[in-house]
Amino acid sequence: MIMDLLKDKYVIVEVIPTSSDSKKGIIAQLSALKLDGIKLIDRFDYRVDEKLVNNKDLLEMISYDKDNFKYTDNPDLILSEFKKWSGDLPIMLIEKDYTKEYLASLNNKMELVLSLIHISEPTRLRRIS
C-alpha cells in the first residue's frame, strides 16, 4: 500500500550520527515529527550530552535550539524512547543509508520520504579540477 502523506499517520525522522557507520558511532541527535496528514501531532527531539560528541564541527551543527531538546548521557536511551514514542507508525526517512542502519532495531515500515513526494535523491556533486 502506498502512503498518502496528506491523509495517513506517520513519522518523519532525522538522525544526526557521530559516524556514518552505525558500528562506529552513536546517535548525536534524533528529531522526528509525528503527523496525521499535514497536521502535527507531536515532536521528538533528543540529543546526547555534548561531552559524548568529539567532533567540533558536529557539535556546532547541533548547537541550535538547546532548550527544545531533551539531553541524555546514555545514547541507547534515545533509540529506546523513540521506539516507544513512534509506536508502530510508518517512518519516513530523510536520508536512507545511515539512518536505516541506526534505526535497524525498529520493526516499523520505513520509506524514503523523497520517493513519496516524487523528488529524486540529490545528486552528489563531483569536484571538477
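- Partners of S22 according to the side chain to side chain donor-acceptor pair (under 3.5 Å) rule, which considers only residues two or more places apart in sequence or in another chain, are E101.
- A continuous path of hydrophobic side-chain contacts links L59 to Y46 [ILVMFWY only; heavy atoms under 4.5 Å].
- Minimum interatomic distance between N108 and G87 (heavy atoms only, all atoms of both residues): ND2-O, 2.9 Å.
- For D49, the side chain to side chain donor-acceptor pair (under 3.5 Å) test picks out no residue, with sequence neighbours left out.
- Distance check, rounded to the nearest 0.5 Å: CG of L35 to CG of D42 gives 10.0 Å.
- Considering only heavy atoms from C-beta on, L5 comes within 4.5 Å of M92 through its side chain.
- At a threshold of 4.5 Å between side-chain heavy atoms, the hydrophobic network of Ile, Leu, Val, Met, Phe, Trp and Tyr places I12 and I41 in two separate groups.
- Residues satisfying the side chain to side chain donor-acceptor pair (under 3.5 Å) criterion with K24, sequence neighbours excluded, are absent altogether.
- Considering CE of M61 and CD1 of I16, their distance stands at 4.0 Å, rounded to 0.5 Å.
- Qualifying ring-ring contact (aromatic ring centres under 6.0 Å, His included) partners for Y98, counting only residues two or more places apart in sequence or in other chains: none.
- By the 4.5 Å heavy-atom criterion applied to side chains, I27 and P17 are not counted as neighbours.
- Counting non-hydrogen atoms of other residues, nucleotides and ligands closer than 6.0 Å to CG of N107 gives a total of 12 or fewer.
- By the 4.5 Å side-chain criterion applied to Ile, Leu, Val, Met, Phe, Trp and Tyr, I38 is assigned to a cluster that also includes L6.
- Side chains of I78 and T72 form a contact here, defined as non-hydrogen atoms less than 4.5 Å apart.
- When side chains are defined from C-beta on, R43 does not count as touching K34, because their heavy atoms never get closer than 4.5 Å.
- Residues L79 and Y102 have side chains not in contact (no heavy-atom distance under 4.5 Å, counting atoms from C-beta outward).
- Using a 4.5 Å heavy-atom threshold, the side chains of I91 and Y10 count as separate.
- To the nearest 0.5 Å, atom CG of residue L30 and atom OG of residue S86 are 9.0 Å apart.
- Aromatic ring orientation, F44 versus W85: tilted (interplanar angle from 30° to 60°).
- Using a 4.5 Å cut-off on side-chain heavy atoms (C-beta onward), V15 and Q29 make no contact.
- Between N54 and K51 the shortest heavy-atom distance is OD1-O, 4.1 Å.
- The side chain to side chain donor-acceptor pair (under 3.5 Å) search around E50 returns K66, not counting sequence neighbours.
- The cationic group of R47 lies under 6.0 Å from the six-membered ring centre of Y64 and within 45° of the ring axis, placing it in a cation-pi geometry.
- Residues P75 and V48 are in side-chain contact: their nearest non-hydrogen atoms beyond the backbone lie under 4.5 Å apart.
- With hydrogens and angles disregarded, no donor-acceptor distance shorter than 3.5 Å links the side chain of D36 to the backbone of K39.
- The structure places CG of L93 at 6.5 Å from CG of L103, a figure rounded to the nearest 0.5 Å.
- Rounded to the nearest 0.5 Å, atoms CD1 (I62) and OG1 (T18) are 9.5 Å apart.
- A salt bridge between E81 and K83 is absent, with no side-chain N of the basic residue lying under 4.0 Å from a carboxylate O of the acidic one.
- No chain of hydrophobic side-chain contacts below 4.5 Å, direct or via other Ile, Leu, Val, Met, Phe, Trp or Tyr residues, connects F69 to L77.
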Verdict with reasoning, V13 to F82, per side chain to side chain contact (heavy atoms under 4.5 Å, CB included): CA-CA 10 Å; V13 64; F82 180 70; 4.0 Å; yes
